[in-house]
Amino acid sequence: MDGVGATDVVIGLSPGRLGEIAILGAHCDDIAIGMGATLLTLTRAHPELRVRALVLSGAGTPRAAEERKALEAFCANADLELTVLDVPDGRAPAHWSRVKDALARFRRGVEPQVVFAPQRHDAHQDHRMLAELVPTEFRDHLILGYEILKWETDTPRPDVLHPVSPELVREKAALLRQCYPSQTQRDWFDDEAFLGLARIRGVQCHAAYAEGFVLDKAVMDFGNTGGV
């Protein structure tokens, strides 16, 4: 341990084989921006992984086609089911009951081992509302809140860091560019921005690149099979 301080110690936990995950986004592109490299990793490490995805807005628009193309690329080895709703972009809080009902229906059709959703302190009202509703339906699940790079200065302090290779993070950036042409005019939607945030998260876990997640609560079992 010479030369390694207390703050340099990283505790790594590796899950066993995953059979199903749920991924939720308020808008088309949220999921891919927040956890695209992690999705590539998961679907390649766990062949035939069931990926069940729900996106609140974009149905009936070209953005829904972009989202399907993107998630099919990011989840190429997976059993993917995607539902895109038509909740108005930027108005999700005004449709609280509808979103709550849609989330409840989605929950009844899935049994994931991990749930991915926006993080609670996201400044965008649609992201934040979805993040607050997810634990009301997925009460006994591990929920990881991904971060969505954008104009607002709401970048969180992640609790969980997932190291990813330089090849994967560059593949993520390339897929974002290819799959979401409607977003490429945004001044923050470019390779430098996506790689820059991933590099910062990598520094924070002694890796080249990483994606960060916010964790509200986790239950750990260290072998106490006798119960409480």
Side-chain angles (χ1 to χ4, degrees), residues 21-36 38-39 51-75 80-110 112 115-139 141 143-156 158 175-177 179-190 193-194 197 211-216:
I21 63 171
I23 52 177
L24 301 110
H27 313 104
C28 298
D29 78 10
D30 286 352
I31 294 167
I33 290 173
M35 55 171 294
T38 298
L39 264 185
V51 178
R52 303 299 182 248
L54 175 67
V55 177
L56 299 185
S57 68
T61 75
R63 297 213 64 197
E66 290 182 345
E67 184 72 346
R68 182 162 298 280
K69 178 182 177 181
L71 290 189
E72 286 175 351
F74 280 101
C75 305
L80 171 68
E81 289 184 8
L82 168 64
T83 301
V84 181
L85 306 179
D86 61 355
V87 175
D89 187 351
R91 298 289 188 271
H95 298 264
W96 188 96
S97 293
R98 182 184 171 198
V99 173
K100 171 69 171 173
D101 290 345
L103 192 60
R105 286 194 302 272
F106 177 76
R107 169 67 186 94
R108 289 194 292 270
V110 300
V115 178
F116 296 91
Q119 53 96 10
R120 284 177 181 266
H121 302 292
D122 194 299
H124 194 295
Q125 64 273 16
D126 295 354
H127 302 166
R128 189 169 61 252
M129 191 192 82
L130 177 58
E132 291 169 350
L133 282 177
V134 167
T136 70
E137 294 296 333
F138 293 93
R139 292 185 173 273
H141 294 77
I143 301 172
L144 296 179
Y146 55 79
E147 55 182 330
I148 303 170
L149 181 64
K150 55 188 179 302
W151 179 83
E152 288 89 354
T153 55
D154 61 351
T155 310
L175 286 173
L176 286 170
R177 198 178 342 104
C179 296
Y180 298 105
S182 68
Q183 304 303 298
T184 54
Q185 84 283 358
R186 296 180 181 275
D187 56 10
W188 54 266
F189 198 99
D190 59 34
F194 299 131
L197 179 58
E211 287 182 328
F213 299 89
V214 176
L215 175 63
D216 286 335

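No side-chain donor-acceptor contact under 3.5 Å links Thr155 and Glu147.
Each of Ile23, Ile31, Leu71 was scored for a side-chain contact (heavy atoms from CB on, under 4.5 Å) with Val51, with one residue passing: Ile23.
Side-chain atoms of Tyr146 and Thr38, non-hydrogen and from C-beta on, never get closer than 4.5 Å to each other.
With Arg177 contributing its side chain and Tyr180 its backbone, the two residues share no donor-acceptor pair below 3.5 Å. Side-chain N or O atoms of Arg91 include none that pairs as donor or acceptor with a backbone N or O of Pro88 at under 3.5 Å. The closest donor-acceptor contact from the side chain of Arg63 to the backbone of Cys28 lies under 3.5 Å. Proximity of a side-chain donor or acceptor of Arg68 to a complementary backbone N or O of Leu82 within less than 3.5 Å is detected. A donor-acceptor pair is defined here as one N or O able to donate and one able to accept, closer than 3.5 Å; no such pair exists between the side chain of Thr184 and the backbone of Asp190. The backbone N or O of Pro118 sits nowhere less than 3.5 Å from a side-chain atom of Asp122 that would complete a donor-acceptor pair. The closest donor-acceptor contact from the side chain of Asp101 to the backbone of Arg98 lies at 3.5 Å or more, if one exists at all. Judged by distance alone, the side chain of Asp126 and the main-chain N or O of Ala92 form a donor-acceptor pair under 3.5 Å. At least one donor-acceptor pair under 3.5 Å links the side chain of Gln119 to the backbone N or O of His121. Panel note: side chain Gln125, backbone Gly90; a donor-acceptor pair is recorded below 3.5 Å.
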### Message
With side-chain contact (heavy atoms from CB on, under 4.5 Å) as the criterion, how do Ile21 and Phe116 come out once you've worked through the C-alpha distance, each side chain's angles and the decisive distance to 0.1 Å?
### Response
CA-CA 8 Å; Ile21 63 171; Phe116 296 91; 4.2 Å; yes

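Atom CD of Glu66 sits about 8.5 Å away from atom SG of Cys179, to the nearest 0.5 Å.
The aromatic rings of His124 and His127 sit parallel to each other, their planes meeting at less than 30°, with 60° as the upper class boundary.
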